[in-house]
Amino acid sequence: MAIKPRILYIEDNPENRLLVQRILMAEGFELLTADSGAAGITLADKERPDLILVDINLPELDGYSVTARLKNIPHLARVPVIALTANVMKGDKEKTLAAGCDGYIQKPIDVDQFPRQLARFLEKAQTL
Ligand code: MN
């Protein structure tokens, strides 16, 4: 992990992007954002972040498709992709894992827990 972990957040909702930006900046993370799946894939390919957060409910290319495409990019294969979803329906967690996500965080984001959740995913990726 870099001293300042670089997180890419793919999210179409500007309020969510602002909230995550505020939380992560305060915790010393570096944040890149993309407002669509296609933009997120391009940015991930170019910047190779330490971790990618993907909103599942994205217009056009949804988070499952985005994750599958990210996992097909060889130099991103080891970058953890964490799904963010507001859906609490049974089977959602399984669906994100089936799509290739390395983890799952439920919306709404818990401001206090969020940085720790990310740190845990980053540590886990380090020990692979
Ligand atoms: Mn969304």
Side-chain angles (χ1 to χ4, degrees):
M1 199 196 319
I3 293 168
K4 213 176 178 184
R6 293 169 82 218
I7 312 291
L8 168 62
Y9 183 28
I10 306 173
E11 168 68 78
D12 59 309
N13 182 317
E15 285 174 20
N16 286 342
R17 287 201 304 272
L18 267 178
L19 173 67
V20 166
Q21 188 162 28
R22 225 186 49 211
I23 301 170
L24 294 190
M25 294 291 189
E27 295 288 330
F29 290 81
E30 190 184 324
L31 184 67
L32 306 166
T33 59
D35 62 3
S36 73
I41 292 164
T42 302
L43 199 56
D45 189 16
K46 191 172 153 236
E47 300 288 339
R48 201 194 178 279
D50 297 303
L51 184 146
I52 303 170
L53 282 169
V54 181
D55 175 33
I56 288 301
N57 297 308
L58 291 167
E60 292 157 37
L61 212 53
D62 72 20
Y64 301 115
S65 309
V66 171
T67 300
R69 294 196 192 189
L70 289 171
K71 289 295 182 183
N72 268 327
I73 299 173
H75 72 282
L76 297 179
R78 293 186 62 180
V79 176
V81 178
I82 308 303
L84 267 173
T85 177
N87 299 336
V88 288
M89 280 156 67
K90 215 179 165 197
D92 276 356
K93 189 174 180 181
E94 289 69 21
K95 212 172 156 192
T96 59
L97 297 179
C101 292
D102 300 275
Y104 176 93
I105 294 175
Q106 207 167 293
K107 283 182 179 176
I109 289 163
D110 182 322
V111 176
D112 296 323
Q113 291 295 322
F114 190 62
R116 253 169 290 168
Q117 288 172 311
L118 293 191
R120 235 174 283 136
F121 285 125
L122 284 162
E123 276 164 29
K124 209 169 149 193
Q126 280 295 97
T127 57
L128 286 178

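In listed order, ligands and their atoms are each counted from 1. In what follows, every heavy atom counts, from backbone to side chain, and hydrogens, waters and symmetry copies are set aside.
Here N13 does not reach the Mn ion (ligand 1): none of its N/O/S atoms is less than 2.8 Å from the metal.
Between the side chain of K71 and the backbone N or O of R78, no donor-acceptor pair lies under 3.5 Å.
Rounding to the nearest 0.5 Å places OG1 of T85 at 9.0 Å from NZ of K95.
Distances from the Mn ion (ligand 1) to the N/O/S atoms of D12 are shortest for OD1. When you scan the N, O or S atoms of D55 for the one nearest the Mn ion (ligand 1), you land on OD2.
No salt bridge links K4 with D50; every basic N to acidic carboxylate O contact stays at or beyond 4.0 Å.
For the pairing with V66, the side-chain contact (heavy atoms from CB on, under 4.5 Å) check across V81, I52, I10 returns one residue only, I10.
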